[in-house]
Structures are given as C-alpha cells and as structure tokens.
Amino acid sequence: MPIKSLIRTIPHYPKQGIQFRDITTLLKDPIGFRIVIDELAKRYSEKKIDKVAGIEARGFIIGAALAYKLGMGFVPVRKPGKLPSETIGHDYALEYGSDRVEIHTDAISQGERILLVDDLIATGGTAEAAALLIQKLGGEIVECAFVIDLPDLGGTKRLAQNGLKSSSLCAFEGE
C-alpha cells in the first residue's frame, strides 16, 4: 500500500494557494501508520542513534512511535512556552512572519546522536531551527527524517546546504 495514497490534500489551507498535506488520514489508518513506523524503523535500526527528537506537533506522533519501536528516548521540540523546565530557543523566518522552537536544556547530552523527525519538510525553516538547537546542546544530527517532502519548496536542499542529511518516505512534486 503506497502511503502517499493515504495522505489527504486540502486546497487553499491555511491560505489561498496552499495545498495542505494532511497526514491525519494516514494516522487513522492502522496499516498505513504501521507501514510508516516500520519503514522508518527499518531505515534507522542499524544506525547509531541515541535519541529521537520530534518537532511539534505531528512530529511528536511519528517520532514518539519511532523512538518506542527503536527502544530509545524521545525529545520534544516545542513552540514557545510549552516546556516546563529551562529551555533554549531559536527564532526563524516564515514566508509570512516568524516563529520559534524551544527544547529543554537537559534534553540532550554532549555527543549524543539524534534522529530529528517531523511529518513534512517544506521550506526547511522549522527543521533547520530544531537542528540548530540540538547542535547548541552538543548533539549530533544523524539525519532528519520526514514522512512527506515538498521538494518544490526547497527544504531538503536548504538542510543539505547546512550539512544536514535528510530523507522522506514520499514526495509531492509540482502538486
């Protein structure tokens, strides 16, 4: 079963001209969700990884399930003000404004190897900000893993230009 067929496209959401790729239809399908986690686990089971970090919010779902399957801890990367202990944050530019992500200062130890996970890579700004936070804490990004890549928006290239390897399970090119 191709997982791409389980991803719903919502035209003009959240604004005119955007084709929103909604993974809730994939997540509610028990076979599709299992395929995603099993495929990612197979891809990373032989790599030396200490923790999985997931970006709020859908990256939590994929990342936490993957961390469980791989038998390792999970680190949430959140929007501002959501983590209860001491944090560091990074602001980044959006197409129409700015945003910020934060991580607990004790979430990652020096030299830990981290798999960064999110549901989708578009422009790469959020993943780049999360990777910078992990690196500030002394972590090494093994790879950035996504369910969906939107290659026309350049996120994968942006990560590569910053020395970050990434992969995805499916792509929506020119759609």
Looking only at heavy atoms, which two atoms of [X] and [Y] are closest? And how far apart?
{"X": "Gly124", "Y": "Leu159", "answer": "O-CD2, 4.1 Å"}
{"X": "Ala130", "Y": "Val77", "answer": "CB-CG1, 3.9 Å"}
{"X": "Ile37", "Y": "Ala65", "answer": "CD1-CB, 3.7 Å"}
{"X": "Leu116", "Y": "Ala127", "answer": "CD2-O, 3.6 Å"}

Quiz item: For Ile18 and His12, what are the C-alpha separation, side-chain angles and deciding distance, and is it a side chain to side chain contact (heavy atoms under 4.5 Å, CB included)?
Solution: CA-CA 5 Å; Ile18 302 289; His12 309 298; over 6 Å; no

Exercise. Determine, stepwise, if the pair Phe172 / Ile7 fulfils side chain to side chain contact (heavy atoms under 4.5 Å, CB included).
Key: CA-CA 10 Å; Phe172 287 85; Ile7 298 167; 4.0 Å; yes

Set of residues satisfying salt bridge (Lys or Arg N to Asp or Glu O under 4.0 Å) with respect to [X], sequence neighbours excluded:
{"X": "Arg100", "value": "Asp91, Glu102"}
{"X": "Lys165", "value": "Glu143"}
{"X": "Glu128", "value": "Arg158"}
{"X": "Asp50", "value": "Lys48"}

Check whether any side-chain heavy atom of [X] lies under 4.5 Å from a side-chain heavy atom of [Y], and answer yes or no.
{"X": "Val147", "Y": "Leu120", "result": "no"}
{"X": "Glu112", "Y": "Ile114", "result": "yes"}
{"X": "Thr156", "Y": "Pro151", "result": "no"}
{"X": "Lys79", "Y": "Val101", "result": "no"}
{"X": "Arg8", "Y": "Thr24", "result": "yes"}
{"X": "Phe146", "Y": "Leu40", "result": "no"}
{"X": "Leu132", "Y": "Gln135", "result": "yes"}

Quiz prompt | Partner of Ile62 by side chain to side chain contact (heavy atoms under 4.5 Å, CB included), out of Val117, Leu169, Leu26 | solution =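 Among Val117, Leu169, Leu26, the one that satisfies the side chain to side chain contact (heavy atoms under 4.5 Å, CB included) with Ile62 is Val117.
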
Practice problem: I would like to know whether Ile61 and Phe33 meet side chain to side chain contact (heavy atoms under 4.5 Å, CB included); could you show each step before the answer? | Solution: CA-CA 10 Å; Ile61 298 164; Phe33 187 41; 4.0 Å; yes

Atom [atom1] of [X] and atom [atom2] of [Y]: how far apart are they, to the nearest 0.5 Å?
{"X": "Leu137", "Y": "Ile108", "atom1": "CG", "atom2": "CD1", "answer": "5.5 Å"}
{"X": "Cys170", "Y": "Ile3", "atom1": "SG", "atom2": "CD1", "answer": "4.5 Å"}
{"X": "Cys144", "Y": "Asp149", "atom1": "SG", "atom2": "CG", "answer": "11.5 Å"}
{"X": "Lys4", "Y": "Thr9", "atom1": "NZ", "atom2": "OG1", "answer": "9.0 Å"}
{"X": "Leu70", "Y": "Lys42", "atom1": "CG", "atom2": "NZ", "answer": "13.5 Å"}
{"X": "Ile148", "Y": "Ile23", "atom1": "CD1", "atom2": "CD1", "answer": "6.5 Å"}

Exercise. Give a yes or no on whether the backbone of Leu133 and the side-chain of His90 come within a donor-acceptor separation of less than 3.5 Å.
Key: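 No: the side chain of His90 does not pair with the backbone of Leu133.
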
Quiz item: Has the side chain of Thr25 got a donor or acceptor atom that lies under 3.5 Å from a matching backbone atom of Leu6?
Solution: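 Checking the backbone N and O of Leu6 against the side chain of Thr25, a donor-acceptor pair under 3.5 Å is found.
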
Quiz item: Is a side-chain donor-acceptor pair under 3.5 Å present for Tyr44 with Ser167?
Solution: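 Yes - a donor-acceptor pair under 3.5 Å links their side chains.
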
Quiz item: How about Ser98 and Tyr92: does a side-chain donor come under 3.5 Å of a side-chain acceptor?
Solution: no

Exercise. Find out whether the Lys NZ or Arg CZ of Lys51 is both under 6.0 angstrom from the six-membered ring centre of Phe74 and within 45° of the ring's axis.
Key: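 The answer is no; the distance or angle limit is not met.
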
Exercise. Could you tell me which residues satisfy side chain to side chain contact (heavy atoms under 4.5 Å, CB included) with Ala107, sequence neighbours excluded, listed by chain and number?
Key: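 Val75, Ile103, His104.
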
Quiz item: Near Phe20 CZ, under 6.0 Å, is it more than 12 heavy atoms from other residues, nucleotides or ligands?
Solution: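 Yes, CZ of Phe20 has more than 12 neighbouring heavy atoms, counting only those of other groups under 6.0 Å.
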
Self-check item: Summary of side-chain hydrogen bond (donor to acceptor under 3.5 Å, both in side chains) pairs that have at least one residue in residues 55-75, sequence neighbours excluded
Solution: Asp38-Lys69, Glu56-Arg78, Arg58-Asp119

Practice problem: Please assess Leu66 against Leu115 for the test side chain to side chain contact (heavy atoms under 4.5 Å, CB included), listing each intermediate value before the final yes or no. | Solution: CA-CA 10 Å; Leu66 180 58; Leu115 175 63; 3.7 Å; yes

